[in-house]
Each structure stands twice: as C-alpha cells, then as structure tokens.
Amino acid sequence: MSDDGPTFETSLAGMKKADWLTAVASLCDEDGSFERLGKRHYAAFIEKSDTLLVSFETLQGIPALSSLAQPLGWEMMRDNGWSSLCVASDGDTWFRDKAVYGYFDRLIDDGFFDAFERVVFYGAGPCAYAAAAYSVAAPGARVLAVQPQATLDPRVTEWDDRFVEMRRTDFTSRYGYAPDMLDAADQAFVVYDPRQNLDAMHAALFTRPNVCKLRLRHMGDAIQTDLLEMDQLPVLLNAIVDGTLDDRAFARMMRARRMHPPYLRNLLAALDSDGRDRLTLALARNVTTRMHAPRFTRRMNELEAKATAKDD
C-alpha cells in the first residue's frame, strides 16, 4: 500500500461506491484480501490476531453507522487488535446468493476458520440472519444476532409482511434456515424487543439449547443503532469473545438505557398508553432529576396538576 493511500484512520465518508470499494480493497492489500462475490456482495478480510470477528453489513448501513464510513469490524480491529472478515451486501439481500455460498464453502475447504482461536459472527436484521446462517461454516463459533429473521420462506413466516419482495427468494437450499445453522455454534445470543411482535415471533424460532435470548423491552425496531449510541455494542462483543456474557452481565450493560433518550421516550409512551399515571409520573420525575428532558418535564407538570385537581 502506498504511503499516500488510505489508512485505517482515514475517513471514507462521502465517497462514491466504486471509490469506497477501491479504498477498502487497498486497505486489505497488506494483511488480508478483498473479493467481489457476484454482483452484490463483497468480502474484506484483514488478519491481526487469533480472534476473528465475522461481521455482515450493508454498503448503505456502513456510512450510516460509522463516522469514518468503515465496517464495524474495523472499529473492533482498531480497538482490540482482532482480525476482521466483513461480508457486505449492496442493499438488503439476506446474503442469499450462490457466490456467497461458494465463498464460505471455499473457506471451509481451506480450513480458514481453524486458524483462529475465537470466532464471533455478528449482524443485525437481514445481516443477523446471515450471521446465524453462515456460522455453521465455523463450528464452535459464537454468534450475536440483533433482531434476526429466521427465514423469509412464506411457508414458515407468512405472517411477516415486512419483506414481501423477498418471498420468491430461495431460503430453503444451502445455509437456508438460520436457526438450524446454529446447531454447531458454541453459543448464540439473540437480541430483540419482545414488544415488537414480528421480531419476537422470529426470535421464538431460534429456541435452541445453545441460544440465549436477550430481551430489550421498549427499545424499538432499531436496536443496533441504539446499542452503538449507548456505546454498548463493543462491550457486548467483548463479553462474547471473553465468554462472560450472561443475563446478569447483559442487565448491567443495559443500565445505559437510563441515559438513552429514545428508550426513555418509548417507555414514557408505553406507560401513557397503558394509563399508568403513577408510574409515568415516577418516571418523569426520575428522568428530569438526571437530565434535561423537556418532554418529561411537561408530562410531569401535567400529571402533577391532574393529581392536584383530583385531590381538590
């Protein structure tokens, strides 16, 4: 790589897709490899240590979630010295492509994953489906799947009407039904909000002895973004690598929600919807003592005035 080329500290934000891909390929030249997998998928590998994070991401999501417009795996690589394999899609494809199947087949044949002491697969949404599905390529791996879909085969999940355009896509052949592909994993963690009905229904399909379900009530439908904003996604991944993640550890991490406005607003709305005035008032008072929150201040004043009028 030339001295005037991009580095891992270089922002790739604002680049056109072709230029971004060229920059990523250049950064992979020295300690890894870059491959195009068919028309809509790419694999960027960088070797740093015997811990490997396999992240599934989208070209559209990477700049939205990273200030440097670099793959999430690269942030973990910079901070922890991990190796990174980022498999990226152009759009939401659920990585259902023969070129991707073939890529993982080659990794298996080459004994690629055997070279690493610890392997973690990660993804969110359609990428979480892929993380679970392709984890079978590395028996003994650990998996973090945030709001995963189990399959979009309408014979199994016809109740999910969010992705009707994918119903003709093959989810029954190789690497197909994500929950079954987890059987070889050491442990998998499924993160979801049980109040999001469709996410909860998919999570139910992941019920397996080696799957731990981590529930985040009132977090909503963009949990990956929330985890990043709370600086808890790196903490989660580190705990999975260290083998220290369990329900209690997760609960401690998620105390960060107490300072996360989107979660607090969702909780306020849920309590209001349920007519829980006393709890709503308690929440509003608690939040206003800890942070500047005009919405909570207004609601607190309204409920206090209501209570005063009732007493009179």
Hey, does [Y] have a side-chain heavy atom less than 4.5 Å from the side chain of [X]?
X      : Y      : answer
Leu281 : Arg278 : no
Ser89  : His41  : yes
Leu214 : Leu245 : yes
Thr157 : His202 : yes
Cys86  : Ser55  : yes

So which atom in [X] and which in [Y] form the shortest heavy-atom distance, rounded to 0.1 Å?
X      : Y      : answer
Leu85  : Leu52  : N-CD1, 3.7 Å
Pro71  : Trp20  : CD-CZ2, 4.3 Å
Leu236 : Met253 : CD2-SD, 3.8 Å
Pro126 : Phe95  : O-CD1, 4.5 Å
Glu57  : Gly73  : OE2-N, 3.5 Å
Gly220 : Gln196 : O-CG, 3.6 Å

[X]-[Y] co-clustered via ILVMFWY side chain contacts under 4.5 Å:
X      : Y      : result
Phe34  : Leu59  : yes
Val87  : Val146 : no
Phe8   : Leu53  : no
Tyr42  : Leu12  : yes
Phe163 : Phe171 : yes

Can I get a per-line list of side-chain donor-acceptor pairs under 3.5 Å for residues 106-118, giving both atom names and the distance, sequence neighbours left out?
unit_1: Arg106; atom_1: NH2; unit_2: Glu35; atom_2: OE1; d: 3.0
unit_1: Arg118; atom_1: NE; unit_2: Thr51; atom_2: OG1; d: 2.9
unit_1: Arg118; atom_1: NH2; unit_2: Asp50; atom_2: OD1; d: 3.0
unit_1: Arg118; atom_1: NH2; unit_2: Thr51; atom_2: OG1; d: 2.9

Asp277 and Lys306 ion-paired at < 4.0 Å: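 Yes.
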
Note: Asp153-Arg155 ion pair, threshold 4.0 Å (strictly below): yes

Which atom pairs, donor and acceptor, lie under 3.5 Å between side-chain atoms of residues 222-234 and protein residues at least two apart or in another chain?
unit_1: Gln224; atom_1: OE1; unit_2: Tyr122; atom_2: OH; d: 2.7
unit_1: Asp226; atom_1: OD1; unit_2: His260; atom_2: NE2; d: 2.8
unit_1: Gln232; atom_1: NE2; unit_2: Met230; atom_2: O; d: 3.3

Step-by-step side chain to side chain donor-acceptor pair (under 3.5 Å) determination, Gln147 to Asp199: CA-CA 6 Å; Gln147 294 174 265; Asp199 285 346; 2.8 Å; yes

Verdict with supporting geometry, Tyr101 and Arg96, side chain to side chain donor-acceptor pair (under 3.5 Å): CA-CA 8 Å; Tyr101 311 161; Arg96 300 301 299 161; 3.0 Å; yes

Trp94 vs Thr169, side-chain contact (heavy atoms from CB on, under 4.5 Å): CA-CA, chis, key distance, verdict: CA-CA 9 Å; Trp94 281 259; Thr169 301; over 6 Å; no

Is [X] reaching over with its side chain to a backbone N or O of [Y], donor-acceptor style, under 3.5 angstrom?
X      : Y      : answer
Thr297 : Ala293 : yes
Ser49  : Gly81  : yes
Thr288 : Arg285 : yes
Glu47  : Gly32  : no
Arg257 : Met254 : yes

Quick check for you: to the nearest 0.5 Å, what is the distance between [X] atom [atom1] and [Y] atom [atom2]?
X      : Y      : atom1 : atom2 : value
Met219 : Arg217 : CE    : CZ    : 12.5 Å
Asp92  : Gln149 : CG    : CD    : 8.5 Å
Ser66  : Leu72  : OG    : CG    : 8.5 Å

Worked verdict on Met76 versus Asn238 for side-chain contact (heavy atoms from CB on, under 4.5 Å): CA-CA 9 Å; Met76 304 305 296; Asn238 271 291; 3.9 Å; yes

What side-chain donor-acceptor pairs closer than 3.5 Å can you find for residues 175-182, not counting sequence neighbours?
unit_1: Tyr175; atom_1: OH; unit_2: Asp105; atom_2: OD1; d: 2.8
unit_1: Asp180; atom_1: OD1; unit_2: Arg208; atom_2: NH2; d: 2.6

Enclosure of Arg290 CZ (heavy-atom neighbours >12, cutoff 6.0 Å): yes

Pair Val119-Val54, side-chain contact (heavy atoms from CB on, under 4.5 Å): steps then yes or no: CA-CA 7 Å; Val119 180; Val54 184; 4.1 Å; yes

Show which side-chain atoms of residues 184-192 pair as donor or acceptor with protein atoms under 3.5 Å away, not counting sequence neighbours.
unit_1: Asp186; atom_1: OD2; unit_2: Arg142; atom_2: NE; d: 3.0
unit_1: Tyr192; atom_1: OH; unit_2: Arg215; atom_2: NE; d: 3.0

Donor-acceptor contacts under 3.5 Å from residues 265-274 side chains, at least two apart:
unit_1: Asn266; atom_1: ND2; unit_2: His218; atom_2: O; d: 3.0
unit_1: Asn266; atom_1: ND2; unit_2: Pro262; atom_2: O; d: 3.4
unit_1: Asp272; atom_1: OD1; unit_2: Arg299; atom_2: NE; d: 3.1
unit_1: Asp272; atom_1: OD1; unit_2: Arg299; atom_2: NH2; d: 2.9
unit_1: Asp272; atom_1: OD2; unit_2: Arg299; atom_2: NE; d: 3.0

Pairs involving residues 74-87, ordered by first then second residue, that meet side chain to side chain donor-acceptor pair (under 3.5 Å) (sequence neighbours left out): Gln70-Arg78

side-chain contact (heavy atoms from CB on, under 4.5 Å) assessment of Asp183 paired with Val136: CA-CA 8 Å; Asp183 287 348; Val136 72; over 6 Å; no

